[in-house]
There are 2 protein chains.
Amino acid sequence: MKKFEEHAPYCPMVKTMGYIGGKWKPIILARIAVGNIRFGKLTIQIPDISRKILSQQLKELEDDGLIIRHSFNEKPPRVEYELSDLGKTLMPILHAMNEWGEKVASRLP
Amino acid sequence: MKKFEEHAPYCPMVKTMGYIGGKWKPIILARIAVGNIRFGKLTIQIPDISRKILSQQLKELEDDGLIIRHSFNEKPPRVEYELSDLGKTLMPILHAMNEWGEKVASRLP
DNA sequence: TTCATTAGTTACTTTAATGTTACTACTTTT
DNA sequence: AAAAGTAGTAACATTAAAGTAACTAATGAA
């Protein structure tokens, strides 16, 4: 039924979605993009995310090389996250998304 | 570049994710952005999406005012989708995502 | 006559994503 | 001595997302 010739041999959008396709990832990345940030601060800035999901998503972002995790050996623990060089290349996407959200929010209540 | 913190009271990223946050939506939108396209053509260009999900996502995109559905009263049926004016304002995001996917694909195998 | 075509829908099942609660370790503060 | 603070994790429960198979209508073609 589907013709092979018409299949997109490789889709950049699919690739991108593989990295930032989660419900929370762009939101998390946008927060980290502002500057190094601690785990607890993220849970405050993104009130609707649970610690479990946040932790999980951060790990995926780290595994994908988009963020760097800095763990200071202190008690109580302190961990900071920052964008990696690769993560910083996402800034145009994050900014475009941020701007769009602003515009839509101001026009459609 | 503007800092995300300047727009913190409501979260524009969350708003944007509400519109294009699905697994398939950016991919579908990117396809429609290329030009008016029929339902069946979309199922060919996005081989891994089922008709059910495609139909469902298209309806959501239409309800959100991002795309316009043109139904020609023919048998067998013909339906074409195009970006609305609002949908066209997503182009910077879609374009940035597409470019990022291309770059990452070329650098990381 | 029977098949192929198109853009879906319906009913059902499975998988992925997300949430909840309780818990840890170590130090400092009350 | 108890409590507060941090960055998580484990076990379990739930919800959201996605997949599958079968079906429709009207027409033209084999």
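Letters A, B, ... are given to chains in the order of the sequence lines, protein chains preceding strands, and every chain is numbered from 1.
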Note to self: Just to be sure I understand the rule, does B/Phe72 reach a base, reach only the sugar-phosphate, or reach nothing, if contact means heavy atoms closer than 4.0 Å?
What the structure shows: nothing

Next item on the list: Look at A/Arg78 and D/dA7 and indicate whether a side-chain polar atom (N or O) is within less than 4.0 Å of OP1 or OP2.
Entry: no

Checklist line | B/Met17 CE to D/dA16 C1', straight-line distance once rounded to whole Å | finding: 14 Å

Check: Taking only N and O in the side chain of B/Ser55, is any of them less than 4.0 Å away from OP1 or OP2 of C/dT9?
Finding: yes

Item checked: 4.5 Å side-chain heavy-atom contact, A/Ile27 and A/Ile49 -> no

Next item on the list: Map A/Asp48 and A/Pro77 onto DNA chain C by nearest heavy atom, then report which one ends up closer to the 5' terminus.
Entry: A/Asp48

Item checked: Residue B/Ile53, side-chain heavy atoms: nucleotide from D/dA18, C/dT5, D/dA11 that is nearest -> D/dA18

Check: Expressed in angstrom and rounded to an integer, what is the separation of A/Gln56 atom CD from C/dG19 atom P?
Finding: 10 Å

Check: Where the side chain of B/Lys52 is defined as all heavy atoms beyond and including C-beta, which of D/dT6, C/dA11, C/dG8 is the nearest nucleotide?
Finding: C/dA11

Note to self: Classify A/Lys59 by what it touches in the nucleic acid, base, sugar-phosphate, or nothing, heavy-atom distance under 4.0 Å.
What the structure shows: sugar-phosphate

Next item on the list: With DNA chain D as reference, determine whether A/Val79 or B/Lys75 sits nearer its 5' end, using the nearest nucleotide of each.
Entry: A/Val79

Next item on the list: Write down the distance between CD1 (B/Ile49) and C1' (C/dG8), rounded to a whole number of angstrom.
Entry: 14 Å

Next item on the list: If the plane angle is over 60° it's perpendicular, under 30° parallel, otherwise tilted; pick one for B/Trp100 and A/Tyr19.
Entry: perpendicular

Next item on the list: Would you classify A/Gln57 as touching base, sugar-phosphate or nothing, given that sugar-phosphate means primed atoms plus P, OP1 and OP2, and contacts are heavy atoms under 4.0 Å?
Entry: sugar-phosphate

Next item on the list: Nearest whole angstrom, please: distance from the C1' of D/dA25 to the CZ of B/Phe39.
Entry: 16 Å

Check: Taking atom C1' of C/dA7 as reference, at what distance in whole Å does atom CG of B/Asn36 sit?
Finding: 17 Å

Note to self: What contact category does A/Lys23 fall into here, base, sugar-phosphate, or nothing, at under 4.0 angstrom with non-hydrogen atoms?
What the structure shows: sugar-phosphate

Check: To the nearest angstrom, how far is B/Asn73 atom CG from D/dA25 atom P?
Finding: 15 Å

Check: Could A/Glu82 and A/Arg69 be called an ion pair, given the rule that one side-chain N must be under 4.0 Å from one carboxylate O?
Finding: no

Notebook entry, point to check: Does A/Glu102 pair with B/Lys15 as a salt bridge, N-O distance under 4.0 Å?
Noted result: no

Margin query: How many whole angstroms separate atom CZ of A/Arg69 from atom P of D/dA7?
Written below: 10 Å

Note to self: Can you tell me how far apart CD1 (A/Ile32) and CD (A/Gln45) are? Round to the nearest 0.5 Å.
What the structure shows: 10.0 Å

Next item on the list: Find the distance B/Lys25:NZ to D/dA18:P and express it as a whole number of Å.
Entry: 9 Å

Notebook entry, point to check: So which nucleotide from C/dG8, C/dT5, D/dA7 ends up closest to the side chain of B/Pro76?
Noted result: C/dT5

Margin query: Regarding A/Arg51, tell me which of base, sugar-phosphate or nothing describes its non-hydrogen contacts under 4.0 Å with the strands shown.
Written below: base

